[in-house]
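Within every chain, numbering begins at 1; the chains are lettered A, B, ... in the order of the sequence lines, protein sequences first and strands thereafter.
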Amino acid sequence: MSEIWFMRAWPRNPATGAEVAIRLAGGGSYTPYRLAGEDYWAGLASPPRFSSRLGFDDRGWTGRNTPETSALAYSPATAARRDQLLPLVWKGARVEIDAGEEGTVLVRELTGEIADASWRDGSLVLTVADLSRRYDRPILGAPFAGTGGLEGFSGAAGRQKRRSWGRVRNIEGRLLDPANNIYEFGDPATGLRDITALRDKGREGPIATIAWAGSAAATLTALIASTPAQGGGTIAPSIACAKWWTQPAGPLTADVQGEIGASYVATVPSIASRLIVLAGGSPIANLATADGWRSGEAGIHVEDAGETWAAAIDRLTLRASLLWTVDPAGAVTLSQVTFNDPVASLQALFIEREATLPPMSSRTLLYRLTHRQHGDGEISAALLPADVASATPSIDVVAPLSFTANVAGTISPAEQLPKTVKLTRRLGGVDVSGSTVFSILEHPGITGTSPVSIGPTGELTIASTAVIAATATIRVRTQRDGFPLDAAVTITRTTSSSSGGGSGGGTSVSDASLAGVSSTSMSDMSDVLTVKTGASGQIQLAASLTPIAAAAAPAGVFAVYTRWRYRPVGGSWTEVGSTDVLNLASATVEVESGYYYTTDGEVVNSPTVTGLSANTDYEVQLRGRRGTSTPSKTVNFAGSAVAVGS
Amino acid sequence: MSVDAATADWLRSPGLRVTASNASAAAWGDLAVTSEVRTPFEAETDAVAEGARQIAFLGPPRVIEALSVNGRQGALRGKAITITADIEGYRTGAVVFVIGTDEASIPGRTILRVIRRLA
């Protein structure tokens with residue numbers, strides 16, 4: 001047996017650009033040059049043999065994954081056949097090569113492109129390369145035309161339309177429309193998933209988002225029409241543009257999540273696969289496995305006009321110890337750069353040592369890259385009035401807090417604590433609490449173990465350990481941009497007390513220690529109170545209560561119903577009214593950033609029972625229930641249940 | 001929002017840094033090299049893990065050598081293999097990483113260009 005090889009190539013007709021199928025073959029001793037019903041021309045002198053080389057030096061990969069190449073010579077048998085081939089344009093032509101031993105099934109040696117073609121000594125010499133060659137085209141397309149709108153103002157003409165994939169930090173905005181302060185952060189045609197931060201001289205500002213308006217031009221129009229908050233910007237990620245509220249004092253930069261395409265991707269293998277697809281290839285064959293190897297968030301930003309798809313994929317993968325290779329069928333796979341897990345064991349003959357590489361004592365890795373590196377003069381040391389002339393700092397007023405205590409001065413019910421309220425500092429009306437330093441200056445009237453604390457973004461908490469005087473104050477300092485602003489939160493503690501005596505010989509009684517309710521079945525809230533009617537034979541019942549849900553999980557809205565009942569001493573109970581009475585406002589618990597915020601409710605249930613025997617003792621009781629059983633919570637009550645006979 | 005010191009330092013730099021060290025290179029003094037690479041990663045944990053991978057590969061002294069093996073072996077490019085040869089360093093089998101393949105120079109054989117660790 002001997003080796004036989006068949007090549008199909010599709011050079012182009014120079015006049016029309018149309019592909020012309022050419023079939024060449026060589027080798028073998030008895031097999032006709034015919035394959036799949038097609039005749040092949042004899043004269044392909046040598047079998048395809050390939051060589052490839054990955055760039056590597058003292059300091060690691062040099063970032064070039066050289067495609068496989070092989071030189072094939074074809075010697076036409078006749079001048080007529082030579083003249084058939086000579087006019088064709090071979091460079092860049094698709095090519096397929098099948099080869100194998102005669103009598104066996106041929107295998108695909110290569111699916112690739114003609115990298116170069118020449119005529120020498122009567123032979124056509126073709127250099128073929130694998131399909132990684134197709135990735136040698138530049139990524140960036142036509143630059144901004146400078147004709148206005150999405151093509152930018154005249155000064156933008158010739159500027160590259162940058163592209164980003166995955167997580168990319170601090171890229172510089174470039175002026176697209178100076179009259180409207182519009183800046184571009186990439187190609188408006190491909191857009192971005194999001195712009196997560198905008199900075200002027202490194203100082204981040206609040207942002208609002210303009211959604212896709214149906215077309216890129218309409219989105220740009222909406223962005224132009226927007227009014228950014230003072231000190232901030234409006235973003236239109238779908239066209240990779242943003243509007244800053246004024247002319248930036250320094251470089252305007254952004255953190256972005258790159259192009260979406262079919263779906264947003266942000267791992268090294270997935271981004272590499274996306275680049276391969278955009279360059280015309282198929283997705284990475286072992287993508288799921290490779291994503292498991294490198295699952296961390298990553299990104300790549302392309303701004304150089306000459307950077308090719310291959311160079312960008314190299315830059316992305318080699319720096320993550322991954323290598324991409326193209327197999328003969330054109331499928332791309334990723335492998336890990338490691339000495340671990342050898343895949344084969346071979347006997348070899350030593351030929352030569354090419355180089356000795358010294359040991360590496362340390363390798364520094366940069367991550368979270370700043371694509372626009374700032375100079376010292378390009379960092380805002382503070383928010384200066386000169387920078388933001390009309391932005392005025394302020395603090396939202398916090399409503400006075402009130403707690404109910406028993407006659408001993410102890411907060412009752414105890415579930416009123418802990419209590420958290422939010423302090424908000426603003427700049428020009430914009431909430432800037434996230435970049436403000438909060439501290440407690442003093443808290444006269446509040447004692448106990450660590451009774452007061454404040455969170456990083458203004459969450460002021462009075463602890464359950466706090467002992468609160470009849471009046472108290474908490475003073476908080478907010479520090480930002482060199483401007484301290486102080487706020488005072490005032491607190492009062494009220495004591496439940498019984499009302500005065502009844503009239504006409506009647507008595508008065510009250511209960512300020514009410515039990516909480518947790519189920520949807522009626523339960524006793526007050527004790528059984530004995531009250532004597534007066535000459536009118538009636539009892540005025542009164543329950544003006546504050547339902548309280550503890551500042552803890554679960555959050556929710558907790559409605560309660562109450563109802564009074566009465567009876568002659570030792571007799572049978574009579575319910576007051578026809579239905580249970582719903583609270584006027586429900587106690588609520590909300591959670592935000594790990595802090596629980598409570599809002600107390602309101603219960604008013606004060607009926608009058610008439611037609612009773614004059615000057616007679618009766619027993620009364622207040623009862624209550626939850627409106628729903630879930631989420632599970634006990635609702636407690638501040639205030640008193642009062643009965644007055646008359 | 002004002003610029004805190006950490007953010008300002010980051011903005012002045014090309015990126016955040018982590019360093020992977022190779023303690024066994026200390027005895028080499030100035031002969032050992034140091035290097036820096038810009039990774040695509042966002043998180044420190046991923047950069048640290050990548051540093052461990054890279055220093056494991058680049059840390060020891062290495063040589064680039066050429067050997068020939070039987071048959072056509074172009075598919076080995078970019079893979080780790082074990083090579084046995086009758087020469088010091090290969091007699092008991094050496095794990096190498098293939099960075100180049102040449103099927104054309106010797107009929108019936110493939111020349112492999114490999115990276116081999118000396119230690």
At what distance, to the nearest 0.5 angstrom, does CD of B:Glu42 lie from CZ of A:Arg368?
4.5 Å
Between A:Ser361 and B:Thr34 the two heavy atoms that sit nearest each other are OG-CG2, 3.3 Å
Roughly how far, to the nearest 0.5 Å, is CZ of B:Arg53 from CZ of A:Arg294?
3.5 Å
Over all heavy atoms of both residues, which pair between B:Ala25 and A:Met360 is shortest? Give the atoms and the distance, please.
CB-O, 4.0 Å
Could you go through A:Arg353 and B:Ile64, starting from their C-alpha distance and side-chain angles, then the distance that decides it, and tell me whether this counts as side chain to side chain contact (heavy atoms under 4.5 Å, CB included)?
CA-CA 6 Å; A:Arg353 175 172 293 181; B:Ile64 296 177; over 6 Å; no
Segment of B:Val48 engaging chain A (4.5 angstrom heavy-atom cut-off)
neither
Look at A:Pro359, A:Pro342, A:Ala298 and state which one has the largest set of heavy-atom pairs under 4.5 Å with chain B.
A:Pro359
Please state whether the side chain, the backbone, both or neither of B:Ala8 comes within less than 4.5 Å of a heavy atom of chain A.
both
Taking side chain as everything from C-beta outward and backbone as N, CA, C, O, which of these in B:Arg113 sits under 4.5 Å from a heavy atom of chain A? Side chain, backbone, both or neither.
side chain
What's the shortest heavy-atom distance between A:Leu54 and B:Val98, and which atoms?
CD1-O, 4.2 Å
What part of A:Thr356 lies closer than 4.5 angstrom to a heavy atom of chain B: side chain, backbone, both or neither?
both
For the student: nearest non-hydrogen atoms of B:Arg38 and A:Arg319, plus distance
O-CD, 2.8 Å
Distance alone, cut at 3.5 Å: any donor-acceptor contact between the side chains of B:Arg77 and A:Ser52?
yes
Show, in sequence, the C-alpha distance, side-chain angles and deciding distance for B:Ser35 and A:Arg363, and conclude whether the side-chain hydrogen bond (donor to acceptor under 3.5 Å, both in side chains) test is met.
CA-CA 5 Å; B:Ser35 63; A:Arg363 179 80 153 173; 2.7 Å; yes
Anything under 30° is parallel, anything over 60° is perpendicular, the rest tilted; go ahead and classify A:Phe339 against B:Phe57.
parallel
Please classify the contact between B:Asp102 and chain A as side chain, backbone, both or neither, with a heavy-atom cut-off of under 4.5 Å.
both
Is there a side-chain contact between A:Pro358 and B:Leu31 (heavy atoms, below 4.5 Å)?
no
Test item: side-chain donor near acceptor, B:Thr19 and A:Thr364, under 3.5 Å
yes
Name the region of B:Ile87, side chain, backbone, both or neither, that has any atom closer than 4.5 Å to a heavy atom of chain A.
side chain
Heavy atoms only: give me the nearest A:Gly60-B:Leu58 pair and the separation to one decimal.
CA-CD2, 3.8 Å
To the nearest 0.5 Å, how far apart are CZ in A:Arg203 and CG in B:Leu11?
12.5 Å
All heavy atoms of B:Gly51 vs all of A:Leu365, minimum pair found to be CA-CD1, 3.3 Å
